[in-house]
Amino acid sequence: MADMGQVNSEHKCGYVTILGRPNVGKSTLLNRLMDQKLSIISRKPQTTRVHMLGIKNQKEYQAIYIDTPGIQQEYDSPLHKHMNAEAKNSLEGVNVILFMIESLKWTKPDERIFNLISKYKQKKILLINKIDRNKTKSDLLPFLKSLSERVDGMDILPVSAKNGTNIDTLEELVSAALPVSPPLFEEEYVTNRNKKFFASEYIREKLINRLSDEIPYRLAVTIDEFEEETDIIKIKATIWVEGDGQKNIVIGKNGSILKTAGEAARKDMEILYEKKVYLNTWVKVKKNWTQIDSSLELFGLVNNDV
Ligand SMILES: Nc1nc2c(ncn2[C@@H]2O[C@H](COP(=O)(O)OP(=O)(O)O)[C@@H](O)[C@H]2O)c(=O)[nH]1
Ligand SMILES: [Mg+2]
């Protein structure tokens with residue numbers, strides 16, 4: 001519990017969920033808001049699998065942002081059902097809903113998420129992301145007009161999560177909407193995830209970025225050993241795939257993919273942990289794991305808050 005004695009009576013605190021279809025830029029926004037890399041990002045949809053908290057402590061408020069997996073309906077495996085549930089569950093009990101779309105696009109999946117959140121009474125802000133891609137400012141005006149008719153009553157804010165445009169305005173809107181409350185997390189907490197979690201996510205990110213489209217969905221990473229010493233952390237990780245073909249692809253010619261991905265992940269870990277990292281990776285096959293409910297638990301995809 002936070003020390004109530006130090007909290008002023010006007011202090012605000014609450015949960016803010018970031019929802020949207022895959023690939024609109026939710027994880028990029030979380031990292032931007034937190035000024036650090038918490039969520040992994042890729043050009044491929046469905047990179048984020050479990051929700052991630054980013055706890056932002058300001059003088060007057062504490063905002064607890066929730067990055068969610070994108071809500072999608074194309075796939076129907078236990079893994080995808082779980083990812084949708086992670087996103088939908090985040091709606092219960094939050095104070096602010098950030099609904100993110102991409103500039104100049106309003107797609108069927110956007111419409112479905114809009115219909116879902118319409119049932120909730122909390123403060124909602126529609127974020128139009130990636131405005132850095134617009135050629136001119138006037139491109140946005142007709143789009144803004146049609147949206148304001150469609151999403152009656154929501155604040156609408158064009159942003160660029162990547163460049164930081166209008167993020168300060170977003171934070172003002174968020175803090176204004178938070179209820180008066182003491183902080184729910186002590187100040188040193190920045191996230192709900194532990195060091196081990198980041199090790200596995202960084203490895204997954206570096207592999208996703210080096211592999212063609214289908215395989216990333218078939219990958220899971222477990223951390224089998226995490227030994228922290230004074231100036232080094234020794235990590236043993238297993239990369240799980242669904243078949244031998246995938247195993248060969250992940251390893252790459254002469255081990256090239258596994259080697260460069262491991263190197264890149266290790267460098268990111270050293271920045272995060274501020275220590276040297278020794279990383280050892282193995283690739284193993286677990287047939288059709290995305291289709292098997294019990295694998296989700298094995299791979300830390302359920303009940304994984306720390
Ligand atoms: N141009 C541009 N690209 C962005 C912006 N925000 C995110 N992206 C890119 O969009 C892709 C998906 O981003 P990510 O944050 O993983 O999306 P998520 O699936 O919604 O979490 C990545 O390639 C990002 O670099 C933005 O404001 N502008
Ligand atoms: Mg994401």
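Everything quoted here is computed from the prediction, not taken from an experiment. Whatever order the structure lists ligands and atoms in, that order sets their numbers, starting from 1.
Other residues, nucleotides and ligands contribute over 12 non-hydrogen atoms within 6.0 Å of the CD atom of E228. The environment of D152 atom CG is sparse: at most 12 non-hydrogen atoms of other residues, nucleotides or ligands sit within 6.0 angstrom.
Each of I235, D268, I232 was compared with Y273 under the side-chain contact (heavy atoms from CB on, under 4.5 Å) criterion, and only I235 meets it. Among the candidates R150, R21, K105, the single residue satisfying the salt bridge (Lys or Arg N to Asp or Glu O under 4.0 Å) test with E111 is R150.
The shortest N or O to N or O distance between K162 and ligand 1 is under 3.5 Å. Not one N or O of I40 is nearer than 3.5 Å to an N or O of ligand 1, by distance alone. Between P22 and ligand 1, a contact under 3.5 Å exists for no N or O pair. An N or O contact shorter than 3.5 Å is missing between I41 and ligand 1 by distance.
Those atoms of ligand 1 with a heavy atom of R133 less than 4.0 angstrom away are 1 (N). Of all atoms in ligand 1, numbered sequentially from 1 with element shown, those under 4.0 Å from a heavy atom of K26 are 15 (O), 17 (O), 18 (P), 19 (O), 20 (O), 21 (O). Near R43, meaning under 4.0 Å from any of its heavy atoms, are these atoms of ligand 1: 23 (O). Atoms of ligand 1 lying under 4.0 Å from at least one heavy atom of S160, given by number and element, are 27 (O).
Under a hydrophobic-cluster definition in which Ile, Leu, Val, Met, Phe, Trp and Tyr are linked whenever side-chain heavy atoms come within less than 4.5 Å, directly or via other members, Y65 and I41 are assigned to different clusters.
Heavy atoms only, all atoms of each residue included: R43 and N23 are closest at O-ND2, 2.9 Å.
Around the Mg ion (ligand 2), the protein N, O or S atoms found under 2.8 Å comprise S27 OG, T48 OG1.
T28 OG1, 2.6 Å is the protein heavy atom nearest to atom 15 (O) of ligand 1. In terms of protein heavy atoms, atom 6 (N) of ligand 1 is closest to N129 ND2, 3.2 Å. Looking at atom 17 (O) of ligand 1, its nearest protein heavy atom turns out to be G25 N, 3.1 Å. Scanning the protein heavy atoms around atom 19 (O) of ligand 1, the nearest turns out to be N23 N, 2.8 Å. In this structure, atom 8 (N) of ligand 1 lies nearest to the protein heavy atom K130 CE, 3.6 Å.
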Candidate pair S42 and T47, rule side chain to side chain donor-acceptor pair (under 3.5 Å), full reasoning
CA-CA 7 Å; S42 87; T47 305; 2.8 Å; yes
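Distance NZ/K124 to CD1/I97: 5.5 Å, rounded to 0.5 Å. Remark: N57 CG to E186 CD distance equals 10.5 Å, nearest 0.5 Å. To the nearest 0.5 Å, the span separating CD1 on I257 from OG1 on T260 amounts to 7.0 Å. Taking SG of C13 as the reference point, atom NE2 of H11 lies at 6.5 Å (rounded to 0.5 Å).
Using cut-offs of 30° and 60° on the angle between ring planes, the pair F99 and W106 is perpendicular.
By the 4.0 Å heavy-atom criterion, T47 is excluded from the residues contacting ligand 1. Residue-ligand proximity: S42 is placed with a non-hydrogen atom under 4.0 Å from ligand 1.
For the 3.5 Å distance criterion, the side chains of S39 and T48 fail to qualify, holding no donor opposite an acceptor.
Of all the heavy atoms of I131, none lies under 4.0 Å from any atom of ligand 1, so neither backbone nor side chain is involved. With a 4.0 Å heavy-atom cut-off, ligand 1 is reached by the side chain of D132 but not by its N, CA, C or O.
Geometrically, K37 engages Y202 in a cation-pi contact, judged by NZ or CZ lying under 6.0 Å from the ring centre and within 45° of the ring axis.
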